[in-house]
> 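Take a look at this one; I'll ask things after.
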Amino acid sequence: MSIEKTNVDIKTLVKKYNTPLYVYDFNSITERYNELKGAFDGKKSLVAYAVKSNSNLAVIRHLANLGAGADCVSIGEVKRALKAGVSRYRIIFSGVGKKDEEIREALSFGILLINLESEAEMKRVEMIARELEIEARISIRVNPNVDPKTHPYISTGLHENKFGVSIDMAKRMYIYAKKSENLNPIGIHFHIGSQLTELSPIEEACNIVADLVRSLQALDIEIKFFDVGGGIGVVYDDEVTIKPEAYAHVITQAIKGLDVTILSEPGRYMMANSGIFLTRVLYEKVNGDKRFVIIDGAMNDLLRPSLYNAYHKIEAVQKEGEMSLADVVGPVCESGDFLGKDIALPPLEHNDILVVHSVGAYGFTMSSNYNTRGKVAEVAVSDGKDYLIRERETFEDQIRLEESCDSSWQK
Ligand code: LLP
């Protein structure tokens with residue numbers, strides 16, 4: 001999200017909603033969605049937005065209105081998607097460890113697909129479907145053992161990662177599922193990693209999985225949904241990343257001759273550069289030679305820098321002067337609490353505003369209450385107007401579930 005593009009005055013937003021604050025540009029989300037959906041033009045496709053990247057109901061609702069489906073990894077996310085108006089036929093439920101209650105609930109909602117990640121899980125789903133006297137529509141997550149060339153924490157398509165099953169195991173599972181009265185194997189899925197900037201690993205994975213679909217066809221197992229996962233990388237700094245048309249091209253080439261609907265599960269692509277984080281300077285200080293800018297936002301609000309050493313561009317709003325390098329740090333009691341290291345910034349004063357860029361994905365959703373800090377507010381900007389889409393959490397909100405408990409232990 002570029003500050004210039006939104007037509008919204010940052011200072012006005014800060015005055016109205018206070019800081020720290022997440023702001024999302026809904027027009028940018030629309031553009032990203034149309035760009036990706038457009039790249040699949042002429043092909044059967046469904047863009048199932050990865051809810052984990054930003055699960056605010058207003059964000060999901062906006063995408064649902066555009067026609068998006070939802071890729072969910074917990075029953076909570078499935079319920080969010082339904083609540084936000086995503087059609088149940090456009091919802092997929094993935095994840096390596098689904099609980100019985102989650103499977104039962106997802107099956108009773110009648111969502112499009114439950115994505116299986118192990119043989120043991122397939123047996124649980126079959127058993128629960130039998131109890132419910134239904135046939136569960138399933139897909140199987142294949143681990144194609146392809147190196148996605150991304151950060152090890154967000155790489156998922158190698159055998160050393162916990163996700164999916166090998167090609168051989170997948171085949172055995174499809175054969176079993178085909179015979180089962182309570183399983184209907186109609187999808188295949190893979191997701192090799194996130195923040196992918198190279199096409200070749202995606203192409204390799206698509207080819208491996210498309211070959212598997214062909215060999216299943218020979219066994220009379222008809223796959224209808226070819227789910228390529230998410231993972232399209234975005235520009236945080238100066239990355240050269242994947243173009244939607246090129247992405248769609250390698251997928252369509254791989255599935256040539258197959259009558260399948262392409263499913264994709266983008267999260268970061270849709271959201272990262274559609275969001276900014278606004279934070280206020282509390283103080284400046286110098287320890288030895290090191291300049292620190294202490295802000296009111298922290299690692300509990302935006303964990304990516306601390307967890308992955310991720311880079312987010314940080315700029316001061318309407319501030320000039322000689323730039324020098326500073327670490328931008330929060331008030332949390334951890335040395336790992338920083339939003340940026342060695343960031344060039346002008347001299348700053350109490351209450352100056354900093355903008356942290358590219359935080360629309362995996363920003364708010366990874367935030368916590370560490371240090372009893374309330375979760376921050378979220379605002380949507382659409383056609384130049386701003387709307388509060390999540391209230392700032394109060395102290396009372398935070399202690400509510402403790403206060404409501406039995407306190408007789410303190411007799
Ligand atoms: N589908 C599956 C099965 C996934 O596991 C993920 C992300 C996605 C789709 C969406 O991927 P995307 O299009 O956003 O790359 N917290 C990390 C990212 C974790 C991604 C986990 N899986 C971060 O902040 O970079």
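Residue indices begin at 1 and follow the sequence shown. Atoms within a ligand are numbered from 1 in the order they appear, just like the ligands themselves. Heavy-atom basis, side chains included; hydrogens, waters and symmetry copies ignored.
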> Less than 3.5 Å between some nitrogen or oxygen of Gly229 and one of ligand 1, yes or no?
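No.
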
> Where is the tightest heavy-atom contact between Val165 and Ser118, given as atom of each residue plus distance?
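So the minimum-distance heavy-atom pair works out to CG1-CA, 3.7 Å.
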
> Compute the shortest N/O to N/O distance between Arg304 and ligand 1 and return yes if it is under 3.5 Å, no if not.
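There is such a contact, yes.
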
> Are the side chain of Ser367 and the backbone of Phe364 linked by a donor-acceptor contact shorter than 3.5 Å?
yes

> Can you name the atoms of ligand 1, numbered from 1 with element, that are less than 4.0 Å from a heavy atom of Met366?
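Ligand 1 atoms under the 4.0 Å threshold to Met366: 16 (N), 24 (O).
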
> Under 6.0 Å from the ring centre and within 45 degrees of the ring axis: does the NZ or CZ of Lys44 meet both conditions for the six-membered ring of Phe226?
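So Lys44 doesn't make the cation-pi contact.
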
> Looking at non-hydrogen atoms alone, which of Glu265, Met270, Arg141 comes nearest to atom 2 (C) of ligand 1?
Glu265

> Would Ser94 and Arg141 count as having a side-chain donor-acceptor pair, cut-off 3.5 Å?
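Not at all, the side chains of Ser94 and Arg141 share no donor-acceptor pair under 3.5 Å.
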
> So, does Met271 sit close enough to ligand 1 that a heavy atom of it is under 4.0 Å from the ligand?
no

> Considering only heavy atoms, does Asp71 approach ligand 1 within less than 4.0 Å through its side chain, its backbone, both, or neither?
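For Asp71, only side-chain atoms sit under 4.0 Å from ligand 1.
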
> Tell me which pairs pass salt bridge (Lys or Arg N to Asp or Glu O under 4.0 Å) where either residue lies in residues 354-373, with sequence neighbours left out.
Asp301-Arg373

> Any luck finding a side-chain donor-acceptor pair between Glu135 and Asn182 under 3.5 Å?
no

> Against heavy atoms of Ala50, which atoms of ligand 1 measure under 4.0 Å?
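Those qualifying, in numeric order: 10 (C).
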
> With respect to Ser53, determine whether any N or O atom, backbone or side chain, lies less than 3.5 Å from an N or O atom of ligand 1.
no

> Kindly say whether Gly374 contributes a backbone atom to a donor-acceptor pair with the side chain of Glu393 at under 3.5 angstrom?
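Looks like no, no N/O pair under 3.5 Å.
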
> Against ligand 1, does Pro266 come closer than 4.0 Å with any heavy atom?
yes

> Under 4.0 Å, counting heavy atoms only: does Gly231 come that close to any atom of ligand 1?
yes

> Where's the contact between Tyr308 and ligand 1, heavy-atom distance under 4.0 Å: side chain, backbone, both or neither?
side chain

> Give the atoms of ligand 1, by number and element, whose distance to some non-hydrogen atom of Gly267 is under 4.0 Å.
12 (P), 13 (O), 14 (O)

> Quick one: does Tyr269 get an N or O within less than 3.5 Å of an N or O on ligand 1?
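No; the residue has no nitrogen or oxygen that sits under 3.5 Å from a nitrogen or oxygen of the ligand.
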
> Do any nitrogen or oxygen atoms of Tyr362 lie less than 3.5 angstrom from nitrogen or oxygen atoms of ligand 1?
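N/O-N/O distance under 3.5 Å: yes.
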
> Could you give all pairs that pass the salt bridge (Lys or Arg N to Asp or Glu O under 4.0 Å) test and reach residues 230-241, with sequence neighbours left out?
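Found none.
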
> Considering only heavy atoms from C-beta outward, does the side chain of Ile389 approach that of Val379 to under 4.5 Å?
no

